[in-house]
Amino acid sequence: MATPTVKFSEDQAEAFDRITEVLLGAGVDLDNAILTPQSDGQDHVLAVVGKAGSGKTLLLARLYEALEEASVDVVSGDYEAKRRKDKRTLAILAPTNKAASVLRNHGVPATTIHRILYTPLYDPEYEKIAEWLAGRGEKPEIEGLTEAALDRAASFFASNKSIPGALAAAGLRGSDFIIGWKRRDEPMDIGFVDESSMLDEKQLEDLKEIFPTLVLFGDPAQLAPVGQSGEMVFDNFSGKQKLQLHRIHRQDADNPILDLAHALSDENLQFHDFERMIEEAAQKDERVVWAQRVEADMMARSPVLVWMNKTRVRLIQAFRNSYGAPADELLAGEPLICDGIELPLKHRKKRIDLEARGLIKGAQVIYLGAGRKAGFSRIHVLGAEDPQVSAASIIKIEMPDEEEPFIPFAARMGAAFLHGSAVTIHKAQGSQWENVQVFGPDLAVAARMGRVEAGQQLWKRLAYVAITRAEKRLFWVTRNRLARPTGPLRVDDLKAAPTPLALEEEQE
């Protein structure tokens with residue numbers, strides 16, 4: 001086994017060895033950090049599964065480092081160099097921008113599945129800069145760009161590994177160097193997919209067409225995708241195809257949030273007993289809070305997690321009212337959730353443009369203000385590498401006891417949004433926030449209903465997913481009350497790329 005930089009647990013080491021064995025057949029020798037001829041010519045799909053705290057992210061990160069040491073080309077989704085026969089390619093994927101950003105915060109260059117399915121087309125002149133930054137060519141001479149501009153691009157790329165960001169640092173805009181997007185027409189070699197519990201069968205089949213070697217990383221205790229009959233795509237894997245990780249106590253020692261998550265595996269645990277565990281944990285550790293009300297301040301950046309849709313709508317209205325938001329317009333700083341792209345098939349290119357910028361279903365954004373054209377919005381896509389864009393928008397504000405949402409303004413077609421100050425636990429899956437508020441009364445209703453999903457009480461699955469969204473602090477809300485905000489909504493805390501990649505000019 002290749003020697004990792006940290007000591008693995010026994011099951012992590014076994015998984016590393018098994019994946020190393022499969023990669024050798026794909027032409028990557030991790031033991032000697034070299035590329036070899038592909039030997040078995042077979043397709044492989046493996047799953048690494050484990051609950052929170054089992055070390056899935058650590059294992060993925062160490063595998064990435066070993067592959068990079070073996071000179072495998074890592075494709076990030078924002079630029080892909082011309083394929084070389086003597087090279088192998090790796091893409092590290094997640095279903096959402098937020099999930100990808102969690103990996104990037106661990107030093108892993110992850111991108112979304114959409115960004116791999118749809119690849120950018122670069123202007124040939126500016127592609128020379130990209131090739132140079134990627135180590136594939138000499139420093140080019142580009143009309144209109146000075147040596148200093150190219151040096152800024154190189155300096156940015158050295159620390160951020162983003163081609164669009166580097167070109168923006170040189171003074172270019174997205175519309176200068178990206179001339180379009182196309183669906184990928186040739187396969188890659190190796191794919192790692194994090195948060196694979198969110199995948200459905202169709203997405204798995206799409207990925208298998210692209211990657212002959214595919215490794216899924218997932219949590220079997222999370223919620224299965226809607227319409228999957230409570231099953232996840234890796235549930236039927238067996239033998240060497242499914243690698244099981246267990247909790248690593250030496251890494252998550254004294255973590256009360258993970259203690260609560262793992263307590264849910266007790267089949268005899270009742271909801272009222274679980275709430276007593278939360279209350280006791282809150283008395284001992286500030287990372288768990290027994291909250292008497294929802295905090296509006298936190299809702300602006302991390303949504304309240306609920307089970308029932310009517311609770312979500314009611315909390316959204318309470319949030320907007322607390323900030324004095326008018327019914328017919330949005331305030332800068334209000335959070336939104338992308339609800340999909342509403343475009344006819346003939347506008348396929350515009351759809352690809354929007355999705356490639358991170359506006360896929362479930363993406364979390366912050367409203368920055370109206371765009372220069374009617375129906376356009378300036379938004380900040382949370383977790384995206386180039387986060388600030390302007391796009392044709394259809395924004396829907398749902399009202400209690402109303403079947404149809406109120407639409408303060410809308411383009412004829414474009415990205416559709418719902419309010420994002422409260423979301424269902426299903427939609428939150430794959431995301432993490434420093435502070436998470438879980439609306440306990442909803443989970444109490446789920447417990448009283450006694451529903452079972454995939455052999456486990458539904459309230460336990462909901463509670464597990466909800467509390468493991470918290471990176472640092474968990475707020476378990478016990479009452480249907482909202483604390484008023486301590487100040488106005490803000491946007492000055494949002495970091496933009498050096499030059500936002502504008503979509504407004506590219507759409508009608």
Thinking salt bridges, do [X] and [Y] make one under a 4.0 Å N-O criterion?
X	Y	answer
D200	K202	no
D493	R301	yes
E138	K128	no
E205	K208	yes
D73	R88	no

- Verdict with reasoning, D151 to K139, per salt bridge (Lys or Arg N to Asp or Glu O under 4.0 Å): CA-CA 10 Å; D151 290 342; K139 185 175 185 180; 2.8 Å; yes

Among [options], which residue satisfies the side chain to side chain contact (heavy atoms under 4.5 Å, CB included) criterion with [X]?
X	options	value
L216	L199, V48, L46	L199
L368	L494, I379, L330	L494
L336	I395, I366, L418	I395

- Is the distance between the ring centroids of F16 and F8 less than 6.0 Å? yes

Heavy atoms, side chains only, cut-off 4.5 Å: are [X] and [Y] in contact?
X	Y	result
R378	V389	no
M188	V75	yes
V438	V306	no
R372	S390	no
L207	I116	no

- Donor-acceptor pair between E398 and H419 side chains, under 3.5 angstrom: no

- Query: What heavy-atom pair brings V436 and A466 nearest, and what distance separates the two atoms?
  - Reply: CG1-O, 3.8 Å

- Item | Shortest non-hydrogen contact between G430 and T96, atoms and distance | O-OG1, 4.3 Å

- D189 side chain to T89 main-chain N or O, any donor-acceptor pair under 3.5 Å? yes

- For the pair H262 and Y464, name the ring-plane relationship: parallel under 30°, tilted 30 to 60°, perpendicular over 60°. perpendicular

- Message: If you count heavy atoms of other groups shown closer than 6.0 angstrom to NZ of K472, is the number above 12?
- Response: no

